[in-house]
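Since we're looking at a predicted model, the values are computed, not measured. Counting convention: from 1, in listed order, for ligands and their atoms alike.
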Amino acid sequence: MAMYEFRMEPFTDLKQKENIKQYHEGLKVVESYLGEEYPLIINGERVKTGNVYESKNPADHGEVIGYMHQAGEKEAELAMASALDAFETWKKTPAKVRADVLFKAAAILRKRKFEFSALMTKEAGKPYNEADADTAEAIDFLEYYGRQMLELEEVDKKVLSRRNIERNEFKYIPMGVGAVITPWNFPLAIMSGMTTSALVTGNTVLLKPAITTQVIAYKFMEVLEEAGLPKGVVNFIPGDGPEIGEFMVKHPKTAFVSFTGSKAVGQTIYEEAAKIRKGQKWLKRVIAEMGGKDAVIVDESYDPKEAAEILKGSAFGFSGQKCSAASRGIIHESIYDEVLKELQKVTNDLVVGDPSNENTAVGPVTDEKAFNKIAKYIGIGKEEGKLLVGGETDNSKGWFIKPTVFYDVDPQARLMQEEIFGPVLAITKFKTFDEALDIANNTEYGLTGAVLSKNRAHLEEARESFHVGNLYFNRKCTGAIVGYQPFGGFNMSGTDSKAGGPDYLKLFMLGKTVTEQL
Ligand code: NDP
């Protein structure tokens, strides 16, 4: 069968009534299984522990999405034994067979697209467009990594002989058991991308999804099973981050850790994985994608109205809960007042509410912890800057926070330095473009950034000096497309592993050279 080249999964046109109707159908499917109980999956077996976590709708505390059994150390140890065992056969399974699981899983997701998007609306609080993009990205990861694996296999076929002397061979082999620890903010895309990149390369996996989005992860496990994934290749062990996550990281049989989450947890993992423990025979590899403090620079050449739209889109999509979300606006003094005026208007127009309603632009934040943290930063913002718009919070039914903008914030202020991970944007002004770049680079992060400018010299200067993993010109600073915009950050934003890029899968493999003298 001919292999089609990778093409991005198109987003659903949500202006079409027919598509909205299908989304409503998806919501109905999800509603039909609300409040069900979900076990762990170890070696293909369903395991109940009796320690149950209630996953709730962030837009409505009263609605339970699912009751999730939680793993303890005993189950994590069983999962490790299962993964070690499965590794012995999975590592020898041809790449084509492994890739095929991903292609089939992509087809199943495509068939159940509206259901998965609707589940993200319910469990993660994603508005329709954001959830649809998340499902599309998950499909992209599956299609892309499947193809990448087939390409990497071709390396084997290159004969590296030195004429008349010896035959040399180079190939990639899997590493072993990987600890895959995923975040809640792209509960399908990032979770499935991290899991399948590890398995398509021949490794076996212990998967610990983020606590608030475990039902989505369970449903994806079912997709992998339906796609023919043998038992034990992915062992699903949801549980408490500090307990189960740390256990997986510290385990001497863990070969690598693939983590996406906050800077604080990422740093702990990096440190803990570096320690050699009794019975450990290798140096663990850590692939870590962490937080951001992303900035949009607007220079004097740019239209203020357009700039305000881009700032709004960059800062408030999915309530600012994206590692790539703009949380700093750096604006030239000559257009500063005008941009603020426009930004106030467009931010005020955003409809905040329950994302089950198709007219909602901004849903809730993920849970009480996030709500309290963001509310605290709004308090700090009131001291460090001037409130332009927003600032209100409402936790009576769900975790709602109005999109909020502070201006005249000092570049050294906490609001300009610390990741808030919510719908809060801090604005400052600059005089020269060099000053703007200094401000932009002046955090410990280095994930995404954007420059809005009609001035070619400014864009070229930024290309060189704006030190971020993903830099965008004259558009939003969010939105990474698999296969086109490999994504990952510098500095304390992570190990620059570039998910969705051509080099990503090699991170999960070892290169082996065999030389035979003749
Ligand atoms: P967290 O760091 O809180 O959690 C991420 C994962 O780590 C969760 O599964 C969590 O489990 C687990 N965990 C928590 N504590 C430990 C521990 N001590 N040892 C091992 N694992 C642990 O991040 P969030 O889930 O809140 O995700 C948001 C963060 O992710 C933001 O900082 C965001 O910028 C970043 N992110 C980065 C991306 C990138 O590509 N650079 C992409 C997306 C998000 P539990 O949920 O049970 O606590």
Minimum-distance protein heavy atom relative to [atom]:
{"atom": "atom 45 (P) of ligand 1", "value": "Lys208 NZ, 3.6 Å"}
{"atom": "atom 41 (N) of ligand 1", "value": "Met290 O, 2.8 Å"}
{"atom": "atom 12 (C) of ligand 1", "value": "Ile181 CG2, 3.5 Å"}
{"atom": "atom 39 (C) of ligand 1", "value": "Cys323 SG, 3.4 Å"}
{"atom": "atom 2 (O) of ligand 1", "value": "Ser262 OG, 2.6 Å"}
{"atom": "atom 34 (O) of ligand 1", "value": "Glu419 OE2, 2.7 Å"}
{"atom": "atom 28 (C) of ligand 1", "value": "Phe421 CE2, 3.5 Å"}
{"atom": "atom 8 (C) of ligand 1", "value": "Thr182 O, 3.3 Å"}

Ignoring hydrogens and angles, write down the donor-acceptor pairs under 3.5 Å from the side chains of residues 398-407, residues two or more places apart or on other chains.
{"residue": "Thr404", "atom": "OG1", "partner": "Gly391", "partner atom": "N", "Å": "2.8"}
{"residue": "Thr404", "atom": "OG1", "partner": "Lys402", "partner atom": "O", "Å": "2.6"}

Do we see a donor-acceptor contact under 3.5 Å between the side chains of [X] and [Y]?
{"X": "Ser324", "Y": "Asp294", "value": "no"}
{"X": "Gln214", "Y": "Tyr218", "value": "no"}
{"X": "Tyr33", "Y": "Glu115", "value": "yes"}
{"X": "Lys312", "Y": "Thr347", "value": "no"}

Select one of side chain, backbone, both or neither to describe which atoms of [X] lie under 4.0 Å from any atom of ligand 1, heavy atoms only.
{"X": "Val265", "value": "side chain"}
{"X": "Thr366", "value": "neither"}
{"X": "Lys322", "value": "neither"}
{"X": "Phe186", "value": "neither"}

- [ ] Tell me which one of Thr213, Thr448, Ile211 gets a heavy atom nearest to atom 46 (O) of ligand 1.
- [x]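 Minimum heavy-atom distance to atom 46 (O) of ligand 1 goes to Ile211.
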TODO: Measure from atom 18 (N) of ligand 1 to every heavy atom in Lys293, Gln214, Glu246 and give the option owning the shortest one.
DONE: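 Residue with the shortest heavy-atom distance to the ligand atom: Glu246.
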Open item on the list: Would you say atom 4 (O) of ligand 1 makes contact with the protein, given that contact here means a non-hydrogen protein atom less than 4.0 Å away?
Closed with: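 No; the ligand atom in question lacks any protein heavy-atom contact below 4.0 Å.
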Atom indices of ligand 1, in the order listed, that fall short of 4.0 Å to a heavy atom of [X]:
{"X": "Phe259", "result": "2 (O), 5 (C), 6 (C), 7 (O)"}
{"X": "Gly239", "result": "47 (O)"}
{"X": "Pro183", "result": "25 (O), 27 (O)"}
{"X": "Gly261", "result": "2 (O), 5 (C), 23 (O), 29 (C), 30 (O), 32 (O), 35 (C), 36 (N)"}
{"X": "Asn185", "result": "43 (C), 44 (C)"}
{"X": "Trp184", "result": "24 (P), 25 (O), 26 (O), 27 (O)"}
{"X": "Phe487", "result": "40 (O)"}
{"X": "Gly291", "result": "32 (O), 34 (O)"}

For [X] and ligand 1, does the shortest N/O to N/O distance drop below 3.5 Å?
{"X": "Gly241", "result": "yes"}
{"X": "Thr212", "result": "no"}
{"X": "Thr260", "result": "no"}
{"X": "Thr268", "result": "no"}
{"X": "Asp240", "result": "no"}
{"X": "Ile190", "result": "no"}
{"X": "Lys263", "result": "no"}
{"X": "Leu447", "result": "no"}

Open item on the list: With the threshold set at under 4.0 angstrom, would you say Pro242 reaches ligand 1 through any of its heavy atoms?
Closed with: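 Judged by the 4.0 Å heavy-atom criterion, Pro242 does count as contacting ligand 1.
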Open item on the list: What I want to find out is whether Lys322 reaches Glu130 closely enough, with some N-O distance under 4.0 Å, to be called a salt bridge.
Closed with: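 A salt bridge is present here (some side-chain N lies under 4.0 Å from a carboxylate O).
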- [ ] Run the salt-bridge test on Arg147 and Glu143 with the 4.0 Å N-O cut-off and return the result as yes or no.
- [x]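 A salt bridge links Arg147 with Glu143.
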Using atom types as modelled, flag every donor-acceptor pair under 3.5 Å from a side chain in residues 181-191 to any protein atom, sequence neighbours excluded.
{"residue": "Asn185", "atom": "ND2", "partner": "Gln321", "partner atom": "O", "Å": "3.1"}

Open item on the list: For Met492, is the CE atom crowded, meaning more than 12 foreign heavy atoms sit under 6.0 Å from it?
Closed with: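 Result for CE/Met492: open.
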Open item on the list: Taking atom OH as the centre, does Tyr53 end up with more than 12 heavy-atom neighbours from other residues, nucleotides or ligands that are less than 6.0 angstrom away?
Closed with: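 More than 12 within 6.0 Å, yes.
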Could you tell me whether a side-chain N or O of [X] sits under 3.5 Å from a main-chain N or O of [Y], the two making a donor and an acceptor?
{"X": "Asp60", "Y": "Asn57", "value": "no"}
{"X": "Ser465", "Y": "Ala462", "value": "no"}
{"X": "Asn441", "Y": "His467", "value": "yes"}

Open item on the list: Check for me whether the distance between the ring centres of Tyr504 and Tyr145 falls short of 6.0 Å.
Closed with: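 Ring-ring flag for Tyr504/Tyr145: true, centres closer than 6.0 Å.
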- [ ] Verify the ring-centre separation between Phe508 and Phe256: is it less than 6.0 angstrom?
- [x]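 For Phe256 and Phe508, the ring centres are under 6.0 Å apart.
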TODO: Could you pull out the closest heavy-atom pair between Gly313 and Thr478, with the gap in Å?
DONE: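 Closest approach of Gly313 to Thr478, heavy atoms only: O-OG1, 4.5 Å.
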- [ ] Go through Phe247 and Thr254 one step at a time and tell me if the side-chain contact (heavy atoms from CB on, under 4.5 Å) criterion holds.
- [x] CA-CA 10 Å; Phe247 181 83; Thr254 297; over 6 Å; no
Open item on the list: With salt bridge (charged side-chain N to carboxylate O under 4.0 Å, His left out) as the criterion, how do Arg277 and Glu272 come out once you've worked through the C-alpha distance, each side chain's angles and the decisive distance to 0.1 Å?
Closed with: CA-CA 10 Å; Arg277 296 187 159 82; Glu272 288 299 333; 2.6 Å; yes
